[in-house]
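Throughout, numbering of the chain's residues begins at 1 and tracks the sequence.
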Amino acid sequence: MKKHILITGGAGFLGSHLIDRLLAQGHEIVCIDNLQTGTMENIKHIIDEITFIQHDITESLPVVGHFDEIYNLACPASPIHYQANPVHTFKTSVLGALHLLELARQTGAKIFQASTSEVYGDPLVHPQPEGYWGHVNPIGIRSCYDEGKRGAETLFFDYARMYDIEIKIVRIFNTYGPRMDAKDGRVVSNFIVQSLQNKPLTVYGDGQQTRSFCYVDDLIDGFLRLMATPKHITGPVNLGNPNAFTMLELAEKVMKWTGNPTSLQYQSLPQDDPKQRQPIIEEAKQLLNWEPKIMLDEGLQETIAYFKGRV
């Protein structure tokens with residue numbers, strides 16, 4: 001059945017891939033993005049197939065009428081971007097969620113929230129299950145994003161309890177792939193760009209901190225599977241690859257697949273940077289029949305191929 005779907009943050013890395021998948025299913029898409037971190041380049045191949053509105057969701061929404069589904073992906077997600085204007089980042093998460101939840105309440109739309117593994121902070125429990133409440137610094141330089149996303153989850157569940165709207169929440173762990181911003185400061189894009197430019201790879205701390213890396217196609221599949229579940233399945237559901245790698249292991253793989261074995265340049269670990277981040281995905285396996293299919297070596301090759309044409 002053809003659906004009328006609103007996607008905020010649709011010109012971003014994840015949002016543009018989501019639009020591709022939903023268009024392929026035959027749905028009608030309205031995309032809202034303020035282009036703070038998203039780009040028209042990401043959606044130029046489908047711009048004639050969607051309705052695009054440049055707008056900031058911290059302000060009242062410029063859309064009216066009926067939507068079957070709303071996906072909220074609007075918020076800068078890398079530290080470089082979300083720390084550039086922390087007050088606006090917090091407003092995007094909380095006020096943006098509030099505006100979209102009101103639209104969902106008024107129209108009866110099912111609404112999806114792209115939350116984050118950052119709600120776990122620098123975790124004292126490892127790996128992280130959905131039932132872990134987190135270890136978050138509420139006044140640090142990452143708090144605008146961490147606490148903003150936690151606040152958005154609160155609003156989603158309160159709206160569901162008060163107004164009986166249908167909500168779906170995923171907590172996204174590190175994701176990578178084509179259309180990543182080369183300058184967003186994330187470790188995969190950093191390493192790839194530096195390696196392709198024959199520059200030293202920047203490693204923070206001793207490089208032993210771990211992350212798990214999920215390829216974008218796998219993540220979007222998880223989004224769609226959660227949205228297709230019955231109303232009582234709300235999440236939050238962890239979506240990520242449960243295989244963890246140290247930063248040094250990632251650096252080795254990037255240099256292998258770029259074919260440019262460069263040196264490593266060590267710098268101090270940023271404030272509140274988590275030492276370890278790895279999802280438990282049993283909920284996704286049981287509720288969504290979902291787990292990642294694309295392993296890191298394969299995904300890195302696809303991502304490197306994308307960046308080769310842009311660096």
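Going from atom CG of Asn34 over to atom OG1 of Thr58 covers 8.0 Å, rounded to the nearest 0.5 Å. Between the CG atom in Leu248 and the CG atom in Asp206 there is a gap of 7.5 Å [rounded to 0.5 Å]. Atom OG1 of residue Thr107 and atom NE2 of residue His4 lie 10.5 Å apart, to the nearest 0.5 angstrom. In this structure, the separation between CG on Leu296 and CD on Glu249 is 9.5 Å, given to the nearest 0.5 Å. For the atom pair CD of Glu69 and CD1 of Ile5, the computed distance is 4.5 Å after rounding to the nearest 0.5 Å. Here the CZ atom belonging to Arg211 is positioned 14.5 Å from the CG atom belonging to Asn241, to the nearest 0.5 angstrom.
For His55 against Pro62, the heavy-atom pair with the smallest separation is CD2-CD, 3.4 Å. The heavy-atom pair separating Asp33 from Ala11 by the smallest distance is OD2-N, 3.0 Å. Closest heavy-atom contact between Ile47 and Met40: CD1-CE, 3.7 Å. Residues Ile281 and Pro292 approach most closely at CD1-CD, 3.9 Å, considering heavy atoms. Taking every heavy atom of both residues into account, Tyr145 and Ala77 meet most closely at OH-CB, 3.7 Å. Arg277 and Phe173 get closest at one heavy-atom pair: CD-CE2, 3.7 Å.
Of the possible donor and acceptor atoms, one in the side chain of Lys149 sits under 3.5 Å from a partner among the backbone N and O of Ala114. Put simply, the side chain of Ser78 never gets that close to the backbone of Arg186: no donor and acceptor are under 3.5 Å apart. Here the side chain of Gln209 pairs a donor or acceptor atom with the backbone of Tyr204 at under 3.5 angstrom. Judged by distance alone, with hydrogens and angles left aside, the side-chain atoms of Gln106 form no donor-acceptor pair with the main-chain N or O of Ala104 at under 3.5 Å. The main-chain N or O of Ile169 is never found under 3.5 Å from a side-chain atom of Gln113 such that the two would form a donor-acceptor pair. Not one N or O on the side chain of Glu283 forms a donor-acceptor pair closer than 3.5 Å with the backbone of Gly235. Side-chain atoms of Lys110 come within 3.5 Å of backbone N or O of Met227 as a donor-acceptor pair. Panel note: side chain Lys285, backbone Glu291; no donor-acceptor pair is recorded below 3.5 Å. Put simply, the side chain of Ser195 never gets that close to the backbone of Ile192: no donor and acceptor are under 3.5 Å apart. Judged purely by atom type and a 3.5 angstrom limit, Ser212 has no side-chain atom pairing as donor or acceptor with the backbone of Ala244.
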Requested in this report: In sequence, state the C-alpha distance, the side-chain angles, and the governing distance for Leu95 and Ile57, and then conclude on side chain to side chain contact (heavy atoms under 4.5 Å, CB included).
Outcome: CA-CA 8 Å; Leu95 289 181; Ile57 64 166; over 6 Å; no
Requested in this report: Take Thr234 and Lys168, measure what side chain to side chain donor-acceptor pair (under 3.5 Å) needs, and give me the verdict at the end.
Outcome: CA-CA 5 Å; Thr234 60; Lys168 308 289 182 184; over 6 Å; no
Requested in this report: Given side chain to side chain contact (heavy atoms under 4.5 Å, CB included), test Asp20 with His45 step by step and report yes or no.
Outcome: CA-CA 9 Å; Asp20 285 347; His45 61 292; 2.8 Å; yes
**Report entry** Worked verdict on Asp181 versus Phe13 for side chain to side chain contact (heavy atoms under 4.5 Å, CB included)
**Finding:** CA-CA 7 Å; Asp181 182 349; Phe13 165 44; over 6 Å; no
Requested in this report: Would you please test Glu153 and Ser115 for side chain to side chain donor-acceptor pair (under 3.5 Å) and show each step?
Outcome: CA-CA 7 Å; Glu153 287 193 16; Ser115 191; 2.6 Å; yes
Query raised in the report: Checking side chain to side chain contact (heavy atoms under 4.5 Å, CB included) for the pair Arg21/Leu224: CA distance, chi angles, key distance, verdict?
Result: CA-CA 9 Å; Arg21 291 284 292 275; Leu224 300 178; 3.7 Å; yes
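For the residue pair Asn72 / Thr8, a side-chain donor-acceptor distance below 3.5 Å is found, with atom types taken as modelled. For Gln208 and Thr246, the side-chain atoms include no donor-acceptor pair closer than 3.5 Å. Neither side chain, His81 nor Gln36, offers a donor N or O lying under 3.5 Å from an acceptor on the other. Looking only at atom types and distance, the side chain of Arg171 has no donor-acceptor partner in the side chain of Ser117 under 3.5 Å away. Thr262 and Asn260 form no side-chain donor-acceptor contact under 3.5 Å, judged by distance and modelled atom types alone. Counted by atom type alone, Tyr120 and Asn238 present one or more donor-acceptor pairs between their side chains at under 3.5 Å. For the 3.5 Å distance criterion, the side chains of His17 and Asn42 fail to qualify, holding no donor opposite an acceptor.
Pairs engaging residues 217-254 under the ring pair (Phe, Tyr, Trp, His ring centres under 6.0 Å) rule: Phe112-Phe223 [sequence neighbours left out].
The cluster map of Ile, Leu, Val, Met, Phe, Trp and Tyr, joined by side-chain heavy atoms under 4.5 Å apart, puts Ile19 and Ile111 in different clusters. Note on Ile220: it clusters hydrophobically with Ile43, by side-chain heavy-atom contacts below 4.5 Å among ILVMFWY residues. Follow the hydrophobic side-chain contacts under 4.5 Å out from Val170 and you never reach Ile167; the two are in separate clusters. With hydrophobic clusters built from ILVMFWY side chains whose heavy atoms lie under 4.5 angstrom apart, Ile46 shares a cluster with Leu35. A chain of hydrophobic side-chain contacts below 4.5 Å, direct or via other Ile, Leu, Val, Met, Phe, Trp or Tyr residues, connects Leu100 to Leu155.
Residues Val119 and Val136 have side chains not in contact (no heavy-atom distance under 4.5 Å, counting atoms from C-beta outward). Between Leu201 and Asn190 there is no side-chain heavy-atom pair separated by less than 4.5 Å. At a threshold of 4.5 Å between non-hydrogen side-chain atoms, the residues Phe90 and Cys75 do not count as touching. When side chains are defined from C-beta on, Leu22 counts as touching Tyr71, because their heavy atoms get closer than 4.5 Å. Counting only heavy atoms from C-beta outward, the side chains of Ile7 and Ile32 never approach each other to under 4.5 Å. Considering only heavy atoms from C-beta on, Met247 comes within 4.5 Å of Val187 through its side chain. Between Asp297 and Trp257, the closest side-chain pair of non-hydrogen atoms falls below 4.5 Å. Looking only at side-chain heavy atoms (C-beta outward), Tyr159 and Arg105 come within less than 4.5 Å of each other.
Residue Lys231 places its NZ atom among more than 12 non-hydrogen atoms of other residues, nucleotides or ligands, all under 6.0 Å distant. Summarising the local packing, NZ of Lys44 is surrounded by 12 or fewer heavy atoms from other residues, nucleotides or ligands at distances under 6.0 Å.
For Asp146 and Arg150, the salt-bridge test fails: no basic side-chain N is under 4.0 Å from an acidic carboxylate O.
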Review item, side-chain donor-acceptor pairs of residues 23-31, under 3.5 Å, at least two apart:
from, atom 1, to, atom 2, distance (Å)
Gln25, OE1, His27, NE2, 3.3
His27, ND1, Lys3, N, 3.0

